[in-house]
There are 4 protein chains.
Amino acid sequence: MYIEIEPASAVPIYLQLAQQVIEGVASGKLSPGAPLPSVRAFAADLGMNMHTVNKAYHYLEEKKMIEIVPKKGVFIHPEGIREATKEERERLLQELRPILAEAICRKLSKEELAELTGKLIEEIKEGTK
Amino acid sequence: MYIEIEPASAVPIYLQLAQQVIEGVASGKLSPGAPLPSVRAFAADLGMNMHTVNKAYHYLEEKKMIEIVPKKGVFIHPEGIREATKEERERLLQELRPILAEAICRKLSKEELAELTGKLIEEIKEGTK
Amino acid sequence: MYIEIEPASAVPIYLQLAQQVIEGVASGKLSPGAPLPSVRAFAADLGMNMHTVNKAYHYLEEKKMIEIVPKKGVFIHPEGIREATKEERERLLQELRPILAEAICRKLSKEELAELTGKLIEEIKEGTK
Amino acid sequence: MYIEIEPASAVPIYLQLAQQVIEGVASGKLSPGAPLPSVRAFAADLGMNMHTVNKAYHYLEEKKMIEIVPKKGVFIHPEGIREATKEERERLLQELRPILAEAICRKLSKEELAELTGKLIEEIKEGTK
DNA sequence: GTGGTCTAGACCACA
DNA sequence: GTGGTCTAGACCACC
């Protein structure tokens, strides 16, 4: 797992971290049950504060992507990531919406978009950064 | 143009407003050169602060999607929205990335995703909310 | 709303605070949509840290008992507290279980327990502390 | 006695163990004077650390629910579990309070609650897990 | 060693 | 003025 954080980004550090863990799962680099570093170790590793890592972990736990076992450690959810609920699909679509709207304004055709997202999906699955 | 704002959302109000203007353009409801309400009128209409509408407008101006003509008014960019630059395409992909990654974790296949985004694109183009 | 915190208690401060807000709702003192103090004001009021109040608020938000509107304030969930899902009922029962088990060991009969809980419920509903 | 531990629970393992012993007593499966496994044997049996079992035993001893006889073994308190003192009743009520408050918020009526707790009590007494 | 909790103080964007 | 984020450093219970 290589994690790259851009401190200057508008997206909060804890979110960047969480998203990269999610990418790790999507690419298969992180399998169900796999341990994640302790909050302290990860924080030291990434040069950030313990609480920031903690926040990322709790964010992921809420999404049921990881399991935080008090005093034991943190693990990719051992029962596997569950399929999206109707609510979650709806949320993902809502997040997608403004991005697609802007792309359409910018004259990207449906086909171009399909190709771009297709490539992006492959990239994520292969774990290419 | 029906604008719907969710005040409780984590997305800032000014951004929600800007995104809905963009959707208006994407759907063709707002054509190049079309006038937008004055800051004052829009704010009163939507029950929000003038500063908020102003911020949305300047956000859109920076993206070159609208033109603010002092003393005259605000218009959808009359020369049409220009195609995405390389940087903008890159940014759109970066925004897409975490959403797709989560979708993959949630076991959405490439085909399902393509179908969903396809539908969403149609929805936006038709201006269906 | 009178809030009383026991710093020496084994139950974390943020939880005590959250529970007392819940009691406020149960007693009807806090109605749907009612505003709660800002994190800073509440913290100053209660002599605790802003982050502790924040944690209590986010705990309650997760339970959908309050709504945190960024930059606006915090409110008792305006649509009212929704009924317990099957999962939540199950959790409540699991929490009840060890307490009842101990009570049974201590020779409290079913009738005594029913009477005690009945009284306690009335007490909570009336907002008697 | 079947003991089931959820390692991922927020409830400490030693407490889970102690609570299940209490349930054993409540259901009558463990009668006054009945022997409990040695710390070592229990730990091996449950795949947990000796310290953890030890802590559970001392927790139960403090509650006077078991008796630890050095070099002899551990037994359910032979003189029977004594009735709850006033303090203990008070403590049980205090533990009950937040659970009931949440249930009230969730629109569970007094009658529903009475029925649910009644069922739960029967379940515990019968030793149904 | 782990995560959980709490405090303190800071800066930021938003409204 | 609001909540959001981040840092820093501390103590605790549990394993």
Side-chain angles (χ1 to χ4, degrees), chain A residues 5 7-17 35-43 46-59 61 66-75, chain B residues 5 7-17 43 47-56 59, chain C residues 5 7-17 35-43 46-59 61 66-75, chain D residues 5 7-17 43 47-56 59:
Chain A
I5 303 294
S9 163
V11 24
I13 296 178
Y14 84 93
L15 246 192
Q16 292 184 47
L17 175 53
L36 287 168
S38 78
V39 278
R40 280 170 182 76
F42 218 174
L46 300 169
M48 64 178 65
N49 193 285
M50 187 196 77
H51 294 115
T52 306
V53 177
N54 208 279
K55 190 163 188 177
Y57 277 175
H58 279 94
Y59 171 82
E61 191 193 30
I66 67 172
E67 200 172 40
I68 300 176
V69 186
K71 334 290 173 184
K72 284 291 184 54
V74 178
F75 307 87
Chain B
I5 302 294
S9 164
V11 180
I13 294 178
Y14 85 93
L15 243 192
Q16 291 185 50
L17 175 53
M48 60 177 66
N49 197 296
M50 274 174 44
H51 296 336
T52 307
V53 176
N54 214 293
K55 185 153 192 178
Y59 172 82
Chain C
I5 302 293
S9 163
V11 25
I13 294 178
Y14 84 93
L15 246 192
Q16 292 184 49
L17 176 52
L36 288 168
S38 79
V39 279
R40 280 169 182 77
F42 218 175
L46 299 170
M48 64 178 66
N49 192 284
M50 186 196 77
H51 293 115
T52 306
V53 176
N54 207 279
K55 189 162 188 177
Y57 277 175
H58 278 94
Y59 171 81
E61 191 192 29
I66 67 173
E67 199 172 40
I68 300 176
V69 185
K71 335 289 176 183
K72 283 292 185 54
V74 178
F75 307 87
Chain D
I5 302 294
S9 164
V11 180
I13 294 178
Y14 85 94
L15 244 194
Q16 291 187 49
L17 176 53
M48 60 177 66
N49 197 297
M50 271 174 46
H51 296 337
T52 307
V53 176
N54 216 292
K55 185 154 192 177
Y59 171 83

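Each chain gets a letter, A, B and so on, in the order its sequence line appears, and its residues count up from 1. In this text the structure is predicted, and so the values were computed from the model without any measurement.
A 4.5 Å side-chain heavy-atom check between Thr52(C) and Leu17(C) finds every atom pair outside the cut-off. Within the 4.5 Å cutoff, the side chain of Lys72(A) has heavy atoms near those of the Ile13(D) side chain. Considering only heavy atoms from C-beta on, Leu15(C) stays 4.5 Å or farther from Lys55(C) through its side chain.
Contact record, Tyr14(A) with Ala56(A): O-CB, 3.3 Å, taken as the closest heavy-atom pair. Of all the heavy atoms in Val11(B) and Gln16(B), the pair that sits closest is O-NE2, 2.9 Å. Counting all heavy atoms, side chain and backbone alike, Pro70(C) lies closest to Ala10(B) at CG-CA, 4.4 Å.
Between Phe75(C) atom CZ and dT2(F) atom P there is a gap of 11 Å when expressed in whole angstrom units. Atom C1' of nucleotide dA8(E) and atom CG of Asn54(C) are separated by 14 Å, given to the nearest angstrom. Here dT5(E) presents its C1' atom at 17 Å from NE2 of His58(C), a figure rounded to the nearest Å. Taking atom CG of residue Leu17(A) and atom P of nucleotide dC6(F), one finds them 10 Å apart after rounding to whole Å. Going from atom OH of Tyr57(C) over to atom P of dG4(F) covers 11 Å, rounded to whole Å. In this entry the distance linking CE of Met48(A) with C1' of dA8(F) reads 15 Å, nearest Å.
The one candidate from Ile66(C), Asn54(C), Val69(C), Val53(C) that meets the side chain to side chain contact (heavy atoms under 4.5 Å, CB included) condition with Val74(C) is Ile66(C).
Consecutive pairing runs in DNA chain F reach the stem threshold at E:1-14 with F:1-14, where a stem means at least three Watson-Crick or G-U wobble pairs with distances under 3.5 Å.
Formation of a donor-acceptor pair under 3.5 Å by the Glu67(A) side chain with backbone atoms of Ala8(D) is not found in this model.
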In B/S/- notation, 5' to 3', how is nucleotides 10-15 of chain F contacted by protein heavy atoms closer than 4.0 Å?
BB-BBS
